[in-house]
Amino acid sequence: IGDKFYIIVAGSVSVQIPSSTQCPNGIHQERCDCPNRPLETVVHLEQGMGFGELALQSDQPRSATIQTSEITETLVTKRTDYEQYAGQLHRQFIEQRVRFLRQFPRIEDALQRCLVSTQDIAAMANCLSETSYSGNEMVVWQGDPVESMIFVRK
């Protein structure tokens, strides 16, 4: 069970989870749940981003493996300090974002079909960054490579 939350001061990390599509034993054609599955990177975190909050909030074992991508420095807070100062506010913040994400039919459908878990949606909610745009501003250009998914709140 995780008892620390990490904030990246310098460097970057990749968040890895066991692959659900690559069966190391050749048993499963689709969703594999073998314990020795290879890891796949689901998100890359950089300076200013954090990880470990899901374990602090849920008293569950860590849901992902974190691997540094380069020399990385972090600030670390323990569960007791986190709960006292940031835990409640962060939980409310994540719950608000989870409710927002669940308004999207495809996300809710994936949850209902057990393709993603509520922990997966909370992890996605934690990785969202907010950007404001002025009127008549180009957000993306046709032909640009796709690097992110954009959710419009208002």
Side-chain angles (χ1 to χ4, degrees), residues 1-8 11-70 72 74 77 79 82-83 86-133 137-154:
I1 294 180
D3 68 343
K4 295 181 180 88
F5 173 66
Y6 301 81
I7 299 171
I8 302 167
S12 61
V13 302
S14 61
V15 179
Q16 302 174 338
I17 61 170
S19 173
S20 62
T21 59
Q22 298 178 17
C23 180
N25 304 318
I27 300 170
H28 304 99
Q29 296 298 320
E30 292 184 16
R31 291 189 54 85
C32 175
D33 59 358
C34 294
N36 58 336
R37 294 172 286 171
L39 296 176
E40 59 185 33
T41 298
V42 292
V43 71
H44 192 76
L45 303 177
E46 299 173 340
Q47 181 179 351
M49 301 175 104
F51 57 91
E53 71 287 343
L54 294 178
L56 291 185
Q57 294 170 5
S58 65
D59 284 333
Q60 297 293 317
R62 297 243 182 239
S63 60
T65 297
I66 307 297
Q67 182 175 14
T68 59
S69 305
E70 58 188 309
T72 302
T74 62
T77 184
R79 177 187 301 275
Y82 176 85
E83 287 175 348
Q88 184 60 30
L89 289 175
H90 189 72
R91 271 191 293 279
Q92 291 171 350
F93 180 73
I94 295 300
E95 287 168 4
Q96 175 190 19
R97 285 184 167 184
V98 166
R99 283 192 302 274
F100 170 74
L101 288 171
R102 289 188 68 177
Q103 291 175 1
F104 291 87
R106 289 187 186 231
I107 291 176
E108 185 62 24
D109 181 59
L111 181 64
Q112 297 304 319
R113 294 175 44 207
C114 297
L115 299 174
V116 297
S117 68
T118 53
Q119 272 192 320
D120 295 330
I121 295 173
M124 183 190 305
N126 191 56
C127 293
L128 294 176
S129 60
E130 295 186 23
T131 304
S132 296
Y133 299 98
E137 184 176 347
M138 293 294 183
V139 177
V140 296
W141 289 90
Q142 181 180 2
D144 282 352
V146 177
E147 297 174 344
S148 61
M149 180 180 294
I150 300 171
F151 296 95
V152 179
R153 186 169 53 193
K154 76 174 187 180

Between [X] and [Y], which heavy-atom pair has the shortest distance, and what is it?
X    : Y    : answer
I107 : V116 : O-CG2, 4.4 Å
D3   : R62  : N-NH2, 3.8 Å
L111 : S117 : CD1-C, 3.7 Å
A125 : V98  : CB-CG2, 3.9 Å
P38  : P24  : CD-CD, 4.3 Å
T72  : G11  : OG1-CA, 3.8 Å

(Q) If we count only N and O atoms by modelled type, under 3.5 Å, do the side chains of T65 and Q16 hold a donor and an acceptor together? (A)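 The criterion, which ignores hydrogens and geometry beyond distance, is not satisfied for Q16 and T65.
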
Q. Does a side chain donor of either E108 or Q112 reach within less than 3.5 Å of an acceptor in the other side chain?
A.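 Yes, side-chain donor-acceptor contact under 3.5 Å.
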
Can you measure from [atom1] ([X]) to [atom2] ([Y]) and round to the nearest 0.5 angstrom?
X    : Y    : atom1 : atom2 : value
Y6   : L45  : OH    : CG    : 13.5 Å
I66  : I8   : CD1   : CD1   : 8.0 Å
M138 : D144 : CE    : CG    : 11.0 Å
C127 : M49  : SG    : CE    : 5.5 Å

Q: Among L128, N126, I121, find the residue that satisfies the side-chain contact (heavy atoms from CB on, under 4.5 Å) test when tested with I94.
A: N126

(Q) Does the plane of the ring in F100 sit parallel, tilted or perpendicular to the ring in F151? Use 30° and 60° as the thresholds. (A)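 Because their plane-to-plane angle is over 60°, the rings of F100 and F151 count as perpendicular.
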
Are any of the side-chain heavy atoms of [X] and [Y] separated by less than 4.5 Å?
X   : Y   : value
R99 : Q96 : yes
V43 : S14 : no
N36 : N25 : yes
V15 : T41 : no

Q) What do the steps show when you test E70 against S12 for side chain to side chain donor-acceptor pair (under 3.5 Å), and what is the final call? A) CA-CA 6 Å; E70 58 188 309; S12 61; 2.7 Å; yes

